[in-house]
Amino acid sequence: MDRIRILLSRCAALFRKKKLDARLDEELNAHVDLAVAENVRRGMTADEARTAALRAFGGVTQTRENYRVQRGLPWLEQIARDLRYGCRTLYRTPGFTTTAILVMALGIGANVAIFSIVRTVLLNPLPYRDPQQLVALYSHNSDAGKGHQFAPIDAGSFFEWKQAAQGTAEMALISPFQNYNVSAEGNQLPEKVDAAWVSANFFSTLGVQPTLGRSFSSFDDRPEAGATAILSHSFWKRRYGADPNVVGRNIWLDARPYTIIGVMPESLVFLGPFSSGKIQVWTPASHEASSFLMSTFEDHEFIAVARLAQGVTLPQLLGRLDPIQAQIKAQHPQTSVRSVTSGRSLLDDAVQDYKTPLYVLFAATGCVLLIACINVAGLLVARAAARRKEHAIRTALGGSRMRLVRERVMESMLLSTGGGLLGVMLAAAALRWLEHVRPDMRRVEGIHLDWTAVAFTAAVVILCAVFSGLISAFSVDSHRILAALQDGSRTQAGTRGRAGLRQGLLFFEISLTVVLLIGAGLLLKSYRHLRATNLGVPVHNVLMMQVGLPDERYKTAVEQVSFKERLIERVRAIPGVESAALVSTAPGQGWGGDRIVVVVEHPRLVKDAEIDMMVRGADPGYFAAMNIPIIKGRTFAGDEKLSKDHVILIGQQAARICFPGEDPIGKHLKITLTGDIYEIIGVVGDTLYSISDPVLPMMYMPIFGNGFSGVTIVLRSAHDVDVLAIPVEKLVSQLDRDLPVSGVMTLEESLAKATLGSQFDSMLVLGFAVIALVLAAVGHYGVLAYLVTQQTSEIGIRIALGAQRGQILRNILFDGIRPALAGIAAGLLVSAAAVRLIGSMLYETEPLDPGIFAAVAGVFLLVAVVACLMPAWRAARLDPVQALRSE
Amino acid sequence: MGGNKADVLQGTLDLMVLKTLESLGPLHGYGIARRIEQVSGETIQLNQGTIYPALLRLEQKGWIKSEWGMSETNRRARFYSLSRTGRKQMERATENWERVASTMARFLAQASSETN
C-alpha cells in the first residue's frame with residue numbers, strides 16, 4: 001500500500017519538477033532564515049549567525065540531491081538522460097544512423113509483412129463455429145503418389161461413410177467446382193458464376209446461418225423438390241444491390257427458374273484446393289446431381305466436410321472409415337473405385353498450397369533480419385572501437401561498466417525503433433502490393449496490420465536492439481579498457497580481439513546469405529523450367545473464352561450441335577481471326593474430365609488393362625487451329641457427329657501405353673463406365689493439361705456430339721489477339737442474349753497465372769537474397785577497412801622496413817577472404833540440409849543442384865574479393881611517412 | 001515502520017519526527033530539527049538538512065501533511081502536521097520500539113552482570 005502511494009507520488013513529481021524544486025528552495029531558505037533569526041536573538045552578529053546556521057544545516061547541495069532522489073524516479077530520469085545522450089550521438093553521425101535505420105527497416109518491414117500474411121492466411125481460424133472440429137475428407141487409391149492423396153470423392157462412398165460415422169461425426173457433402181449461367185434479367189447482363197452443390201446439412205455442419213431467409217432443408221435436397229438456391233453475400237450485393245426482399249424471388253440458372261431462399265453471410269467463403277474461393281450460388285446436391293452421380297462409386301465429384309464430435313480425432317474417424325472403403329473396393333474392384341480414405345483439418349485444406357512457400361518466405365525474412373542485426377551490431381562495434389578512448393577515460397573517472405552497456409543498448413534501441421517505425425510503413429506498403437499481385441492467395445483480402453502485428457514489431461525491435469546492443473557492448477573489453485589509455489596511440493595490440501568478433505559475425509552473416517542465395521537460385525531455376533515448359537502447342541496470340549449451353553434451352557443434342565456449328569463458323573468469319581476452333585478444355589487449363597477405358601482388341605488379362613484417360617471434345621478444325629500435329633490417321637470428318645460421334649483421336653502417350661508396338665488406327669477403346677466403344681481414327685501430338693504436371697494419356701472425341709455442353713472457343717491471330725474478344729462476345733450475344741461468355745484470357749495470360757505462385761516465391765526470395773548479399777558485402781568491406789585502419793601504422797612500418805607492396809596486398813586480401821571462405825563452406829553445408837524443405841516447391845529441379853551450389857559459391861567468392869580489394873589496395877598504397885605521422 | 005528496516009537510523013529519525021509533531025502540533029522543518037536536537041541533547045549530531053528527505057518520505061507515505069504558513073517571526077514557511085494514519089503508525093512504531101528497547105536493555109543488563 002505504502003509502496004504504491006510512494007510510486008504514485010513519485011510519478012506525479014516527475015511532471016511538476018520545476019514547481020517542486022522552487023518549493024524546496026523556498027523551504028530551505030526559510031529554514032536558514034529561521035535559524036539565522038534565532039541565532040541573532042541569542043546575540044550573534046549577522047555574519048556569525050548565518051555561518052552557524054549553514055554549519056548546522058550541513059551540505060545544502062547534498063540535501064537537495066537526496067531530496068530529489070527521494071522525490072522522483074531516478075532510474076527513469078537516468079533512462080531519459082541516456083536517451084538524450086543516445087539521440088545526440090546518433091545525430092552527430094547521420095551517415096551511420098541513416099544506414100543502420102534503413103538496414104533495420106528493411107529487415108523488420110519484411111518480417112512484419114510476412115508475419116501478418118502467415119498469421120492471417122495460415123493461422124487465423126476459419127469463420128465457422130468451433131472450426132478446429134471441422135475436417136475435409138478425401139479418398140485415393142493405395143498406389144496414389146504423394147500429392148495425389150487428397151482427391152475428390154464419389155457420393156456412393158460418402159453415404160456409406162456417413163452411415164458409419166453416426167455418433168462420431170456429422171458429415172456433409174459439397175461439390176465446389178460447379179457453375180451456372182445466370183440469365184440476363186432486368187438490366188443485368190448474363191454471366192457465368194461459380195457455384196457449389198451442397199447437402200442440406202452442409203451449412204449447419206459448418207455452423208453458418210444465413211443472414212437472410214433460411215438454409216436448405218432435407219425437403220429441398222431431393223430430386224423431386226422445387227428448385228431452390230442460396231446466394232453468397234457478394235453476389236447478392238452485386239447483382240441484387242443488397243435488396244432485402246430478394247428471398248422468394250426467382251433466379252434463372254442455366255435457363256431454369258430457382259427460388260432464392262436465403263443469403264449467406266459475407267464470412268462464408270468455402271476454400272480448399274478444389275474451390276475457386278468465389279462460390280456465388282449454392283444449390284442442393286440431390287436436386288442438382290443425377291441420381292446416378294449421387295449413388296455411384298466411380299465418379300468423383302464431391303468433397304466431404306465433417307464435424308468431429310467432442311473427443312473424436314481425425315485419425316479415429318479415418319480408422320472407422322477405412323474398413324468401409326476397403327469393403328466397397330472389395331465389392332467393386334474397378335480401377336476407378338477408391339480404396340483408402342484421407343483427411344485433413346479444414347484450415348489445412350484451405351491453405352495447404354501456401355503453407356510451405358509462406359514458411360519458406362518467413363524463414364528468408366528471418367535470415368534477412370538476422371543479417372541486418374549483425375550488420376548493425378558490426379557498425380556499433382566499429383563505433384565502439386573508435387570511441388575506445390572516450391570510454392577508457394569515462395571508466396577511469398568512475399563511469400560504471402553497466403552504464404556503458406546501457407548506453408550501447410540504448411543506442412541500438414533507438415536505431416531499431418527508428419527501423420521499426422519505418423519498417424511498419426514498408427510492411428503496410430508491401431501488404432497492399434501483395435493484395436494487388438496475389439489475388440489468388442486464399443484469405444489474402446483479410447490481411448492487414450493490426451495490434452498483433454504492432455506487438456510483433458515491438459518484440460522484434462526489442463530483440464534486435466538487445467541483440468546488436470549487447471554484441472557491441474561486450475565487444476568493449478573491460479580488461480583492456482585502461483590499456484587503451486596507457487598505450488597511448490599505438491593501437492596495434494588489442495584490436496585483434498574485436499576484429500575477431502566482427503569476423504565471427506561476418507562468418508555467420510555469409511553463411512546465412514549463402515543459404516538464402518541457394519534457395520533463391522533453386523526457386524528461380526524451377527520457375528524458369530516451369531515457364532520454359534512446352535505445352536505442346538504454340539502459345540503466342542491465342543485467345544480463349546468459354547460458353548456453356550444450358551440443357552434447358554438447348555434440349556436436344558441436335559440443337560446444341562447446330563448452335564456450336566453456327567457459332568464457330570461465324571467466329572471464323574470475323575476479320576482478323578486466322579484460325580478458330582472449339583474444344584472442351586484447352587491445353588494447360590486443368591483436369592477437364594477423364595474416363596477409365598480398356599482396349600477392346602486386347603484380351604483383359606492383366607489389371608493394368610484399365611487405363612485412366614483424359615477426355616477432350618474437339619471440332620474437326622481444332623488440331624490444325626492449335627498446331628497440334630496429326631501424326632497418324634486423320635481428324636474428324638464433317639459428318640462424324642451426333643449419332644456418328646464414336647470416333648476418337650488419341651495422343652502419342654496414350655498410343656504408347658495402349659498400343660505398344662502396334663498401329664492404333666482402326667482399333668477400339670471402350671469406356672468402362674458406359675460401355676460405349678470408340679474407334680481410333682488418328683494419333684496426335686501430346687499436350688499438357690497442366691503446366692506443372694507430366695503428360696497424361698488423352699483422347700479427343702467430336703465436340704459435335706458426345707454430350708459436351710460447355711465449349712472453349714480458341715482462336716489464333718497474327719497479332720493482338722486481345723482485340724478479338726469483344727467481336728466474339730458480341731457475336732455470342734447476337735446468337736443468344738442469355739448466354740454469358742466467361743474466362744476470356746489469352747493462353748499466355750493463363751500460363752502466367754498458373755506460374756504466378758512460383759514466380760512470386762522465387763522473386764521474393766531472390767530479392768531477400770540480394771539484400772542479404774549487399775549487406776554481407778558491405779559488412780565484409782567494413783570489417784576489412786576497419787582492420788586496415790587499425791593497422792595503418794604497423795603497415796607503414798613494414799613498408800618503411802622494405803616489405804613488398806604486393807606481399808601486403810596479398811596478406812590483407814587473404815585476411816579478408818578467409819572468413820568468407822569459411823562462411824561459404826558452412827553456408828553450403830547448411831544449404832545441403834535445408835534445401836530438402838523446399839523440395840515440394842521445386843519443378844523439375846533437384847534440391848541438390850550442383851550447378852546452383854557452384855554458382856552461388858562462385859558469385860560469393862567474387863563479391864568477397866571485390867569487397868576486400870579496396871581496403872587491401874589502399875593498404876598496399878600506404879605512404880609510410882604519412883602513415884607513421886598520422887598517429 | 002515501513003521503509004528500509006535495516007536502516008535503523010532512518011526509522012529512528014522518522015519516529016522522532018512523528019513524535020515531535022504529535023507533541024508540538026504543526027511545525028516547520030527548522031522547528032522539527034531544533035526540537036529533535038534539543039530533546040536528544042548531545043547524543044544525536046543531526047545535520048539539519050537530512051530532515052527534509054525524511055519529511056518528504058513521510059509525506060509520500062501519507063503519514064504527515066504539509067502546507068504553507070507563517071512562522072512566529074512572520075517568515076513564510078512550510079508547516080508539517082500529523083495525519084490520522086501517521087498517528088496510528090506512530091503508536092504502532094512506538095510500541096515496537098519500546099519493546100525492542102526494553103528487550104535490548106534487559107539483554108544488555110544480563111550480559112553485563114555476567115561479565116562482572
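Each chain gets a letter, A, B and so on, in the order its sequence line appears, and its residues count up from 1.
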Within this structure, what is the CG-CD distance for the pair B:L56 and A:E27, rounded to the nearest 0.5 Å?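 Nearest 0.5 Å value for the CG-CD distance: 9.5 Å.
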Let me confirm one number: the CG-OH distance from A:L28 to B:Y52, rounded to the nearest 0.5 Å. 6.0 Å
Return the option, out of B:G49, B:S71, B:A77, with the maximum number of heavy-atom pairs under 4.5 Å with chain A.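 When all of B:G49, B:S71, B:A77 are compared, B:G49 has the most.
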B:Q38 CD: over 12 foreign heavy atoms closer than 6.0 Å: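 Check passes, neighbour count above 12.
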Check whether B:R76 gets within reach of chain A through its side chain, its backbone, both or neither, counting any heavy atom under 4.5 Å.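 Both backbone and side chain of B:R76 come within 4.5 Å of chain A.
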Applying a strict 4.5 Å limit to non-hydrogen atoms, the region of B:A54 in contact with chain A is neither
Is the closest side-chain heavy-atom distance between A:F57 and B:Y30 below 4.5 Å? no
Any B:R75 side-chain heavy atom under 4.5 Å of A:N29 side chain: yes
On a heavy-atom basis, the closest approach of A:L34 and B:H28 is CD1-CE1, 3.3 Å
Most heavy-atom pairs under 4.5 angstrom with chain B, which of A:T63, A:V32, A:L24?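 Max contact count across the listed options: A:T63.
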Among the listed options A:E26, A:R55, A:R64, the residue most often paired with chain B at heavy-atom distances under 4.5 Å: A:E26
For B:S66, what residues pass the side chain to side chain contact (heavy atoms under 4.5 Å, CB included) criterion, not counting sequence neighbours?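 Here the qualifying residues are A:R23, B:E59, B:R78, B:Y80.
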Can you sort out the partners of A:R84 under salt bridge (charged side-chain N to carboxylate O under 4.0 Å, His left out), two or more places apart, ordered by chain and number?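 Salt bridge (charged side-chain N to carboxylate O under 4.0 Å, His left out) list for A:R84, sorted by chain: empty.
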